[in-house]
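If you're wondering where the values come from, they're calculated on a predicted model, not measured in any experiment.
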Number of protein chains: 2
Amino acid sequence: MKDLTAQQSKVLNCIEESINKTGFPPTRAEICQKLGFKSPNAAESHLRALEKKDIISIAGGSSRGISIKNKKSSSGGSVPVIGLVAAGSATLASENIEREINVDPSLFSRNVDYFLKVKGLSMIEDGIYEDDLVAVHKTNDFKNGDLAVVRTEDDVTLKYIFKENHKLLLKPANKDFDPIHIDLRNESAEVEGIGVGLIRKN
Amino acid sequence: MKDLTAQQSKVLNCIEESINKTGFPPTRAEICQKLGFKSPNAAESHLRALEKKDIISIAGGSSRGISIKNKKSSSGGSVPVIGLVAAGSATLASENIEREINVDPSLFSRNVDYFLKVKGLSMIEDGIYEDDLVAVHKTNDFKNGDLAVVRTEDDVTLKYIFKENHKLLLKPANKDFDPIHIDLRNESAEVEGIGVGLIRKN
DNA sequence: TTTTATACTGTATAAATATATAGTATTTTT
DNA sequence: AAAAATACTATATATTTATACAGTATAAAA
């Protein structure tokens with residue numbers, strides 16, 4: 001599958017969010033409003049690009065006629081649980097999958113691609129504990145303050161993310177932990193996804 | 001739940017079919033075409049009736065703004081979500097059920113009978129926040145220190161429970177809240193169930 | 001018995017919406 | 001270096017769509 005641009009991902013996310021939240025796809029104007037575009041044609045052309053890449057289909061002549069293709073498992077989706085091995089990669093590689101659980105896709109605001117089993121105490125002040133399962137929506141798009149799964153050069157970590165120009169701030173929710181500053185000119189870092197929910201087992 | 005008439009069922013079917021087939025809800029005109037009505041108001045009034053019966057919701061002022069409520073998906077154990085009304089009863093009475101969600105029964109250590117939507121901040125120090133859904137296993141059996149849903153004489157509350165002879169201690173996880181002491185010789189209290197897990201939506 | 005709900009036709013229209021066209025600018029691909 | 005794709009603003013408009021209003025008729029509930 002062809003890769004999506006950052007903007008195209010945002011538009012796709014916007015569509016997903018609308019369907020999950022309201023039950024129906026957005027209009028061009030609604031996409032513009034959510035993403036800050038000032039011309040309906042901004043949304044239109046992104047939609048056409050997504051259609052060309054076979055990500056969505058657009059029903060001509062009908063309002064809100066957007067549907068997402070290859071929509072995997074509308075109900076009873078089986079979602080893998082991935083353990084964060086120290087300094088390991090949180091990919092969907094089968095050796096990292098601890099188990100699979102069935103979740104109602106409508107449970108969380110966005111589609112859940114996997115659950116990340118939390119290691120460490122860096123987020124305890126915001127109620128995210130060791131062995132909690134954080135529901136992760138795979139995307140490289142985020143807003144400042146989002147709970148993000150970030151792959152740095154030598155680690156995969158769950159933190160609040162803030163970006164300003166070439167500087168990335170990964171902020172823990174634990175005063176005993178220091179924020180991580182990353183200068184994207186020197187180091188690489190990639191957002192794997194954002195946390196959209198949490199499951200805890202007592 | 002009120003019963004639907006034959007025509008209302010047809011309209012509801014038509015909506016479901018449209019969502020499954022196209023990915024978005026139908027317009028009034030499309031409903032008319034499919035069911036053979038000649039006036040858009042035929043569809044409109046059926047939709048209003050379905051809305052009144054709380055089967056669907058209609059987003060005013062937007063096209064195709066129809067969504068089906070309590071959309072319980074096909075498979076898996078469906079578990080109700082109960083909102084804790086202030087001083088209300090957390091029974092499984094249908095009027096308290098906010099929605100139903102499907103969960104993998106193997107997710108939590110014990111069978112989940114319902115989810116309790118948390119109100120208040122009495123447990124925040126242990127990572128249980130407002131609007132979190134606590135998975136509750138219905139039982140009146142508990143161990144000291146269990147997270148319990150307790151019905152007191154004038155409230156239903158979620159606290160850690162400790163029992164010693166005729167004294168019951170309900171302990172919050174928030175230093176701003178005082179523990180509740182109940183003398184079972186004077187007051188009644190009943191354990192509705194114990195918390196076996198938690199789901200949080202961001 | 002009167003009201004309310006159901007079940008429509010028919011007409012009309014303001015508002016919502018898709019969509020085309022004309023530009024500008026930057027980046028990526030060929 | 002040229003072409004194509006990306007990423008928009010800005011304007012316009014035909015069409016889609018929700019939705020109100022005016023009726024008619026029947027069945028069910030109060």
Side-chain angles (χ1 to χ4, degrees), chain A residues 1-15 17-19 21-68 139-141 143 165-166 184-185, chain B residues 1-15 17-19 21-68:
Chain A
M1 189 214 287
K2 271 181 190 167
D3 285 333
L4 300 186
T5 66
Q7 292 302 82
Q8 285 163 7
S9 292
K10 276 188 193 173
V11 172
L12 182 60
N13 268 336
C14 182
I15 298 167
E17 234 176 288
S18 173
I19 293 172
K21 202 178 153 197
T22 68
F24 40 86
T27 64
R28 274 61 165 172
E30 283 165 6
I31 294 172
C32 289
Q33 204 189 336
K34 275 209 174 166
L35 300 184
F37 303 151
K38 286 176 185 169
S39 166
N41 191 43
E44 179 71 29
S45 44
H46 282 133
L47 290 175
R48 295 292 166 196
L50 286 168
E51 191 188 33
K52 208 170 187 179
K53 290 181 177 177
D54 217 41
I55 308 295
I56 63 169
S57 68
I58 302 173
S62 56
S63 64
R64 301 176 187 274
I66 306 166
S67 60
I68 298 171
T139 177
N140 47 34
D141 178 43
K143 295 190 297 291
N165 302 320
H166 50 267
L184 293 171
R185 290 170 301 186
Chain B
M1 190 217 285
K2 270 181 190 168
D3 286 331
L4 300 185
T5 66
Q7 293 303 75
Q8 285 163 7
S9 292
K10 276 187 194 173
V11 172
L12 183 60
N13 266 337
C14 182
I15 297 166
E17 234 175 285
S18 172
I19 293 172
K21 202 178 153 192
T22 67
F24 40 87
T27 64
R28 274 59 165 174
E30 283 165 5
I31 294 172
C32 288
Q33 205 189 334
K34 275 209 175 168
L35 299 183
F37 304 151
K38 287 175 185 170
S39 165
N41 191 44
E44 179 72 29
S45 44
H46 281 134
L47 290 174
R48 296 292 166 195
L50 285 168
E51 191 188 32
K52 208 169 186 178
K53 290 181 177 177
D54 216 40
I55 309 295
I56 63 170
S57 68
I58 302 173
S62 56
S63 64
R64 301 178 186 276
I66 306 166
S67 59
I68 299 172

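For B:Ala49, counting side-chain heavy atoms from C-beta on, the closest listed nucleotide (D:dT17, C:dT6, D:dA10) is C:dT6. In the set D:dA7, D:dC8, C:dC8, the nucleotide with an atom closest to the side chain of A:Gln8 is D:dA7. In this structure, the nucleotide among D:dT11, C:dC8, D:dA18 sitting nearest to the side chain of A:Pro40 is D:dT11. The side chain of B:Thr5 approaches C:dT6 more closely than any other nucleotide in the set C:dT6, C:dG10, D:dT6. Of all nucleotides listed (D:dA7, C:dT17, C:dC8), C:dT17 comes nearest to the side chain of A:Ser63.
In the interface, the side chain of B:Ser45 is not paired with the base of C:dA7 through any donor and acceptor atom under 3.5 Å apart.
Within the structure, every side-chain polar atom (N or O) of A:Lys10 is placed at least 4.0 Å from both OP1 and OP2 of D:dC8. At the phosphate of C:dT6, neither OP1 nor OP2 sits under 4.0 Å from any side-chain N or O atom of B:Gln7. Neither OP1 nor OP2 of D:dA5 sits under 4.0 Å from any side-chain N or O of A:Arg48. For D:dT6, neither phosphate oxygen OP1 nor OP2 lies less than 4.0 angstrom from any side-chain nitrogen or oxygen of A:Lys52. The side chain of A:Arg28 places no N or O atom within less than 4.0 Å of a non-bridging phosphate oxygen (OP1 or OP2) of C:dT17. Between A:His46 and D:dA7 there is a side-chain polar atom (N or O) within less than 4.0 angstrom of OP1 or OP2.
Smallest separation of non-hydrogen atoms from A:Gly23 and B:Ser67: CA-CB, 4.3 Å.
Contact annotation: the side chain of A:Ile19 never approaches that of A:Ile66 to less than 4.5 Å [non-hydrogen atoms, C-beta and beyond].
The pair B:Arg48-B:Glu44 meets the salt-bridge criterion, with a side-chain N (NZ, NE, NH1 or NH2) lying under 4.0 Å from an Asp/Glu carboxylate O.
Of the two residues contacting DNA chain D, namely B:Thr27 and A:Lys38, the nearest-nucleotide position lying further toward the 5' end is that of A:Lys38. If you find the closest nucleotide of DNA chain C to B:Ala6 and to B:Gly61, the one lying nearer the 5' end belongs to B:Ala6. Comparing B:Ser39 and A:Arg64 by the nucleotide of DNA chain C that holds the closest heavy atom to each, the one mapping nearer the 5' end is B:Ser39.
Contact annotation for B:Glu44: base contact, defined as any heavy-atom pair under 4.0 Å involving a base atom.
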Problem set entry | A:Asn140 vs A:Ser9, side chain to side chain contact (heavy atoms under 4.5 Å, CB included): CA-CA, chis, key distance, verdict | CA-CA 8 Å; A:Asn140 47 34; A:Ser9 292; 4.0 Å; yes
For this session: Could you walk me through whether A:Lys10 and A:Lys34 pass the side chain to side chain contact (heavy atoms under 4.5 Å, CB included) test, one step at a time?
Result: CA-CA 10 Å; A:Lys10 276 188 193 173; A:Lys34 275 209 174 166; over 6 Å; no
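The CD1 atom of B:Ile31 sits 12 Å away from the C1' atom of D:dT17 (whole-angstrom rounding). Summarising the geometry, the separation between CG on A:Leu35 and P on D:dT6 is reported as 17 Å, rounded to the nearest angstrom. Between the C1' atom of D:dA7 and the CZ atom of A:Phe37 lies a distance of 8 Å, rounded to the nearest Å. Taking atom CD of B:Glu30 as the reference point, atom P of D:dT15 lies 17 Å away to the nearest angstrom. The nearest whole Å value for the distance from the CG atom in A:Leu47 to the P atom in C:dT17 is 14 Å. When rounded to the nearest whole Å, the span between CZ of A:Phe24 and P of D:dT17 equals 14 Å.
B:Thr27 and B:Arg64 form no side-chain donor-acceptor contact under 3.5 Å, judged by distance and modelled atom types alone.
The backbone N or O of A:Asn41 sits less than 3.5 Å from a side-chain atom of A:Ser45, completing a donor-acceptor pair. When atom types are taken as modelled, the side chain of A:Ser62 and the backbone of A:Gly65 share no donor-acceptor pair closer than 3.5 angstrom.
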Extract from the structure each pairing of a protein N or O with an N or O of nucleotides 21-23 of chain C at less than 3.5 Å, listing the distance.
unit_1: C:dA22; atom_1: N6; unit_2: A:Asn41; atom_2: ND2; d: 3.4

